[in-house]
There are 2 protein chains.
Amino acid sequence: MSHTTGVRQAQKQKTRQALLDAGLRLLAEQSLSSIGLREVTRLVGVAPAAFYRHFRDIPDLGVALVEESLGSLHGVVRAILAEQPDAEERIDRTVAVVEHFVRENPAHIRFIARERHGGVRAVRRAIAAELARFADEVAAALREQPVSDGWSDDDLLMLAEMYVDHLVMTASALLDAADDGDTAARDRLAERARRQLRLISLGRRHWKD
Amino acid sequence: MSHTTGVRQAQKQKTRQALLDAGLRLLAEQSLSSIGLREVTRLVGVAPAAFYRHFRDIPDLGVALVEESLGSLHGVVRAILAEQPDAEERIDRTVAVVEHFVRENPAHIRFIARERHGGVRAVRRAIAAELARFADEVAAALREQPVSDGWSDDDLLMLAEMYVDHLVMTASALLDAADDGDTAARDRLAERARRQLRLISLGRRHWKD
DNA sequence: CCATTCAGTAAACATCCGTTCTCCGACGCG
DNA sequence: CGCGTCGGAGAACGGATGTTTACTGAATGG
């Protein structure tokens with residue numbers, strides 16, 4: 001049996017993960033294009049040259065972080081899209097899930113918000129592609145709802161993209177409030193998000209005219 | 001008479017503007033926190049030390065760029081809010097104005113989209129403050145429209161913030177398409193924006209329930 | 001017209017950067 | 001056990017960075 005297999009690979013993955021974590025930590029106060037390779041390795045406690053065993057350069061590290069960050073978002077979207085008969089209740093649940101996610105994964109959502117329009121082309125493209133996949137997923141889920149009867153695929157997608165954009169913006173705004181420790185602003189933002197979703201929901205119900 | 005006054009100050013302003021322009025040009029492919037002071041002065045053709053005659057550091061340059069960029073946006077908002085009886089026509093006009101603005105001031109809107117969630121705190125705060133002022137302006141204009149009868153100030157502001165966010169996101173998306181020279185994507189994005197505005201407009205009309 | 005102000009210059013500084021190279025030592029496998 | 005593999009260490013490099021210093025020369029204003 002190969003019961004000892006992978007001690008080596010496990011250590012490598014551990015270092016790789018440490019590099020990703022360090023990058024994410026540095027991203028809290030800088031943007032990706034200004035992060036130094038040495039800065040990352042210093043935080044992890046390895047030699048600068050060790051970086052090249054895992055990534056070609058910093059942009060490459062960034063692309064890996066996109067997958068990690070938006071991977072954890074998949075769970076959020078699924079929780080939001082969970083069956084829920086009442087529209088109002090679904091909105092409350094959505095905002096609650098987003099709030100919880102922001103509290104649990106602040107670094108990930110900050111990274112996405114920051115680099116979505118950031119200075120590294122490869123990372124921008126990776127984020128755009130991943131968010132487009134999310135929009136498709138949301139559109140598919142919206143189609144199942146009775147409110148969407150008679151909607152074209154195109155219109156469902158434009159609505160889904162609106163929801164995804166709104167989600168990212170809301171999460172980012174909530175995070176900024178959390179950074180300042182401003183819980184009052186956080187509650188205000190959550191209430192604003194609920195009302196905006198309510199307005200979109202209203203527009204949705206009267207689209208067939 | 002002081003008819004010769006200002007030759008000196010005029011030259012200084014000229015250099016200052018050149019520094020701002022150079023910064024904006026560099027911002028096309030980097031983010032602010034990774035721009036070097038020497039890089040900027042090199043592009044202008046002045047000595048590095050000359051930079052300190054105009055700005056304390058790069059973040060300070062960034063804050064100045066915020067004022068310049070969002071100053072030019074004021075005209076856009078005013079053009080959008082121009083009286084227009086028909087809602088559908090107002091939407092068309094809005095998107096057309098945004099398209100025109102993106103074509104005319106690509107660097108400015110890229111800067112705002114990039115640094116709104118970017119790595120420099122002072123710049124983020126400056127952008128947030130300026131966008132909040134825009135939202136107030138939009139809310140005030142919305143109140144004048146008959147559709148807003150019975151709306152609370154709070155609700156008007158949440159709607160206005162939604163419009164401002166949507167404007168920034170649309171402009172940024174249009175710019176990305178323009179960068180790729182993809183005119184088909186640009187037209188698709190414009191149509192999507194129109195439909196999203198239509199949906200919001202619908203929700204607005206049925207808010208009083 | 002002459003003393004003063006001041007935007008911009010030129011050089012020097014300590015520091016940090018990304019990258020390459022050689023080497024080591026622990027793990028993997030037969 | 002013994003040999004090949006390979007993640008990581010360590011040192012060295014050329015170059016770029018932000019900042020300070022003393023300076024120059026033209027516009028300024030009494």
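Side chains are part of it too, since the values below use all heavy atoms of this structure and drop only hydrogens, waters and symmetry mates. First the proteins, then the strands, lettered A, B, ... as listed; each starts at 1.
- As a whole-Å value, the separation of B:Q11 CD from D:dT28 C1' is 15 Å.
- With hydrogens and angles ignored, a donor-acceptor pair closer than 3.5 Å exists between the side chain of A:R8 and the base of D:dC6.
- The distance from atom NE2 of B:H54 to atom P of C:dC6 is 13 Å, rounded to the nearest whole Å.
- Checked by atom type, the side-chain pair A:E68/A:Q17 shows a donor-acceptor distance below 3.5 Å.
- Shown for residues 26-43 of chain A: residues whose heavy atoms fall under 4.0 angstrom of DNA chain C, namely A:G36, A:L37, A:R38, A:R42.
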With a cut-off of 3.5 Å and sequence neighbours excluded, list every side-chain donor-acceptor pair involving residues 41-56 of chain B.
unit_1	atom_1	unit_2	atom_2	d
B:T41	OG1	B:L37	O	3.4
B:T41	OG1	B:R38	O	2.9

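- If you take CZ of B:F55 and P of C:dA7, they are 13 Å apart, rounded to a whole angstrom.
- Residues A:H100 and A:V76 have side chains not in contact (no heavy-atom distance under 4.5 Å, counting atoms from C-beta outward).
- Here ring pair (Phe, Tyr, Trp, His ring centres under 6.0 Å) pairs that include residues 151-197 of chain B, with residues two or more places apart or in two chains, are B:W151-B:W207.
- Straight-line distance from the CZ atom of B:R16 to the P atom of C:dA7: 13 Å, rounded to whole Å.
- One finds a side-chain N or O of B:T15 lying less than 4.0 angstrom from the OP1 or OP2 phosphate oxygen of C:dG8.
- Sequence order on DNA chain C of the closest nucleotides to B:A50 and A:A49 puts B:A50 first from the 5' end.
- Look at CD on A:Q9: it is 14 Å from C1' on C:dC29, rounded to the nearest Å.
- You'll find that the side chain of A:V7 is closest to C:dG28, out of C:dT20, C:dG28, C:dA10.
- Note: OH (B:Y52) to C1' (C:dC6) measures 18 Å, nearest angstrom.
- Protein atom CG of A:D57 is 7 Å distant from nucleotide atom P of C:dT19, rounded to whole Å.
- Judged by distance alone, the side chain of B:S34 and the main-chain N or O of B:S31 form a donor-acceptor pair under 3.5 Å.
- For the pair A:K12 NZ and D:dT5 C1', the computed distance is 12 Å after rounding to whole Å.
- Between D:dG8, D:dT19, C:dC27, one nucleotide has an atom nearer to the side chain of A:R53 than all others, and that is D:dG8.
- No contact: A:F51 has no heavy atom under 4.0 Å from any strand.
- We find that B:D153 and B:R143 are joined by a salt bridge, their nearest charged nitrogen and carboxylate oxygen being less than 4.0 Å apart.
- Side chain of A:R114 to main chain of B:G118: a donor-acceptor pair is present (N/O by atom type, distance under 3.5 Å, no hydrogens or angles).
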